[in-house]
Amino acid sequence: ELAATRNGSLRATIGLVAPVANYPGLDYPGAGTLEPWQRPAVQARIAWREAEAPSIYNSGFEFGISGHYGRVQLGESEQGGGFDTYSAASWAGAVDFDAHIRHVGLDGSAYIGQNLESFGGGIGQPGKTFGGYIEARFAPTYRLQFNGGFGTDHLTKFDVLPVDLNRNTSVFANTIFQFTPEVAASLEYRHLVTRPFTGVLRPNNHVDVGIAYSF
């Protein structure tokens with residue numbers, strides 16, 4: 001906590017992160033052939049939060065700015081009897097917010113970056129990318145909550161390696177019911193559209209049911 005007043009506080013967080021694997025299931029030169037992170041990346045966030053943190057129990061607002069930087073190994077190719085490793089910067093900048101007034105809430109995030117495939121950015125592919133999401137929440141009671149939102153992940157430019165997928169766009173809606181303080185269940189519908197650089201759109205529809213037990 002950097003500073004605090006009766007109206008809120010200014011907070012900073014910094015850390016090191018080293019993802020253990022590539023984003024699964026995608027095929028581009030070098031994908032899955034080597035451990036991409038030879039050293040940890042640095043991530044940091046600075047945020048202002050009102051004295052009452054936003055939740056379904058009270059009104060509040062939080063706004064944050066964050067960043068990420070590291071270097072990632074993208075793949076290997078055979079050169080002159082040996083192997084040449086593709087290495088490039090992995091970076092990102094993001095803003096996020098969370099607001100809640102009585103039974104209604106709104107939160108979202110937007111980012112821009114490069115070579116974020118280990119985090120799922122760029123649809124799990126290397127290159128320059130931007131995206132984000134926005135979500136609305138309505139809780140008529142403390143036990144029942146409705147949520148809906150929109151998200152996108154858009155790979156705009158190759159870095160070193162050619163890839164296939166250009167953009168993911170998704171809309172979703174769900175409801176969550178708290179049976180007891182320990183047990184909750186949810187039902188969600190999600191419509192996802194994947195756009196390749198060449199070829200036809202790939203729509204997908206998902207219906208998910210989940211049960212959570214907190215202890």
Side-chain angles (χ1 to χ4, degrees), residues 16-43 45 66-96 107-135 147-174 188-210:
L16 301 176
V17 59
V20 298
N22 273 317
Y23 197 74
L26 294 174
D27 183 22
Y28 56 85
T33 62
L34 76 166
E35 175 55 52
W37 294 88
Q38 304 301 311
R39 60 182 66 88
V42 178
Q43 295 185 346
R45 180 176 183 265
S66 56
H68 154 84
Y69 182 81
R71 291 199 65 84
V72 62
Q73 309 295 325
L74 297 181
E76 292 182 337
S77 65
E78 190 170 358
Q79 298 287 341
F83 286 91
D84 180 35
T85 300
Y86 299 114
S87 176
S90 172
W91 62 268
V95 296
D96 64 89
D107 66 277
S109 176
Y111 73 90
I112 184 171
Q114 180 173 342
N115 298 327
L116 302 175
E117 65 274 16
S118 293
F119 305 96
I123 323 178
Q125 305 167 121
K128 294 183 179 179
T129 184
F130 73 88
Y133 80 94
I134 189 166
E135 177 187 52
N147 309 284
F150 167 85
T152 185
D153 181 20
H154 187 182
L155 188 76
T156 60
K157 185 179 179 181
F158 303 156
D159 189 355
V160 178
L161 304 172
V163 294
D164 296 327
L165 304 180
N166 175 228
R167 182 186 301 180
N168 267 347
T169 303
S170 175
V171 293
F172 71 91
N174 64 52
E188 178 175 279
Y189 168 74
R190 181 181 301 269
H191 179 68
L192 173 67
V193 177
T194 299
R195 180 189 297 273
F197 281 99
T198 60
V200 299
L201 297 180
R202 306 174 188 175
N204 289 277
N205 295 291
H206 301 265
V207 177
D208 299 300
V209 177

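Everything numeric in this text was worked out from a predicted model, so none of it was measured.
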Novice: Where is the tightest heavy-atom contact between Val163 and Phe197, given as atom of each residue plus distance?
Specialist: O-CD1, 3.9 Å
Novice: For the residue pair Asp107 and Tyr133, establish whether any side-chain heavy-atom pair is separated by less than 4.5 Å.
Specialist: yes
Novice: On a heavy-atom basis, which atom in Pro126 and which in Glu117 lie closest, and how many Å separate them?
Specialist: CA-OE1, 3.5 Å
Novice: Hey, does Arg195 have a side-chain heavy atom less than 4.5 Å from the side chain of Thr169?
Specialist: no
Novice: Which heavy atom in Lys128 sits nearest to a heavy atom in Gln114, and how many Å separate them?
Specialist: CE-OE1, 3.5 Å
Novice: Ignoring hydrogens and geometry, is there a side-chain-to-backbone donor-acceptor pair from Asn115 to Ala89 under 3.5 Å?
Specialist: yes
Novice: Once side-chain hydrogen bond (donor to acceptor under 3.5 Å, both in side chains) is applied, do any residues pair with His206, and if so which ones, sequence neighbours excluded?
Specialist: none
Novice: Please check: side-chain N/O of Ser109 versus main-chain N/O of Val95, any donor-acceptor pairing under 3.5 Å?
Specialist: yes
Novice: Main chain of Leu155, side chain of Asn166: is a donor-acceptor contact present, judged purely on distance under 3.5 Å?
Specialist: yes
Novice: Not counting sequence neighbours, which residues clear ring pair (Phe, Tyr, Trp, His ring centres under 6.0 Å) with Phe130? List them please.
Specialist: His154
Novice: Ala41 and Gly70: which non-hydrogen atoms are nearest, and at how many Å?
Specialist: CB-CA, 3.8 Å
Novice: Can you tell me how far CD1 of Ile123 sits from OG1 of Thr152, rounded to the nearest 0.5 angstrom?
Specialist: 8.0 Å
Novice: With no hydrogens and no angle check, do the side chains of Ser170 and Arg190 hold a donor and an acceptor under 3.5 Å apart?
Specialist: yes
Novice: Which pair of non-hydrogen atoms, one from Phe150 and one from Phe172, has the smallest distance, and what is that distance?
Specialist: N-CE2, 4.1 Å
Novice: Can Asn168 and Asp153 be said to form a side chain to side chain donor-acceptor pair (under 3.5 Å), step by step?
Specialist: CA-CA 5 Å; Asn168 267 347; Asp153 181 20; 5.4 Å; no
Novice: With a 4.5 Å limit on heavy-atom distance, are the side chains of Gln43 and Ser66 in contact?
Specialist: no
Novice: Show your working on side chain to side chain donor-acceptor pair (under 3.5 Å) between Asp96 and Tyr111 and close with a plain yes or no.
Specialist: CA-CA 9 Å; Asp96 64 89; Tyr111 73 90; over 6 Å; no
Novice: Can you see which heavy atom on His68 is nearest to which on Ser90, and at what distance?
Specialist: NE2-OG, 3.0 Å
